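The block underneath contains the structure these notes are about, expressed in structure tokens.
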Amino acid sequence: MASDLTKKYYKIKDVAEIIGVSQPTLRYWESEFPDVKPFRSSTNLRYYTPDDIETLRIIYYLVKVRGLKIEAAKEQMRLNRTNITKRMDIIDKLLDVRDELTMMLKGLEKRR
């Protein structure tokens, strides 16, 4: 995912869209997870790097997909971040395969 991000910095609005959560949720996660440290401009605007976005994707996975509480998500990130990233990558690939198979199935149904 981080390789898909081509810019050096992203505004909070863009990151909220990429991750699929609201801006207040991102600000809350920033206050709870020390790994998320967006750059702040002189006017106090947040600018997130692709690494920040990857960390937020992990938080999203733990909190929204797996349903962990914030404290449990912090603990998982502290103890097992590499395995979480691997698991997320596998899930992403499986979802891509599922989408591709669904498109193929729809194509076959149209040919009938």
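Note that the structure is predicted; figures quoted are calculated from it, not measured. The figures here come from the full heavy-atom set of this structure, side chains too, leaving out hydrogens, waters and symmetry mates.
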Distance, nearest 0.5 Å, that separates [atom1] of [X] from [atom2] of [Y]:
X: L79; Y: I84; atom1: CG; atom2: CD1; result: 8.5 Å
X: Y60; Y: M88; atom1: OH; atom2: CE; result: 10.5 Å
X: I12; Y: R46; atom1: CD1; atom2: CZ; result: 5.0 Å
X: I18; Y: I53; atom1: CD1; atom2: CD1; result: 4.5 Å
X: I59; Y: M77; atom1: CD1; atom2: CE; result: 4.5 Å
X: R66; Y: R87; atom1: CZ; atom2: CZ; result: 5.5 Å

Are the side chains of [X] and [Y] in touch, meaning some heavy atoms are under 4.5 Å apart?
X: M103; Y: L108; result: no
X: D14; Y: K7; result: yes
X: T49; Y: K8; result: no

By side chain to side chain contact (heavy atoms under 4.5 Å, CB included), which residues pair with [X], not counting sequence neighbours?
X: L95; answer: I91, R98
X: V97; answer: L101
X: I70; answer: Y28, W29, E32, F33, V63, K74

Using the side-chain hydrogen bond (donor to acceptor under 3.5 Å, both in side chains) criterion, which residues pair with [X]? Sequence neighbours excluded.
X: R40; result: E30, N44
X: S22; result: T25
X: N80; result: N83
X: E75; result: R78

Intermediate values then yes/no, side chain to side chain contact (heavy atoms under 4.5 Å, CB included), D92 and R57: CA-CA 12 Å; D92 286 345; R57 282 186 67 240; 2.6 Å; yes
ILVMFWY network linking Y61 to L94, side-chain heavy atoms under 4.5 angstrom: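 Different clusters.
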Co-members of the apolar cluster containing L45 [side chain, <4.5 Å]: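 Members other than L45 - counting any ILVMFWY side chain reachable under 4.5 Å - are Y9, F39, Y47.
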Residues which pass salt bridge (charged side-chain N to carboxylate O under 4.0 Å, His left out) with D52, listed by chain and number, not counting sequence neighbours: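 Result, salt bridge (charged side-chain N to carboxylate O under 4.0 Å, His left out) vs D52: none returned.
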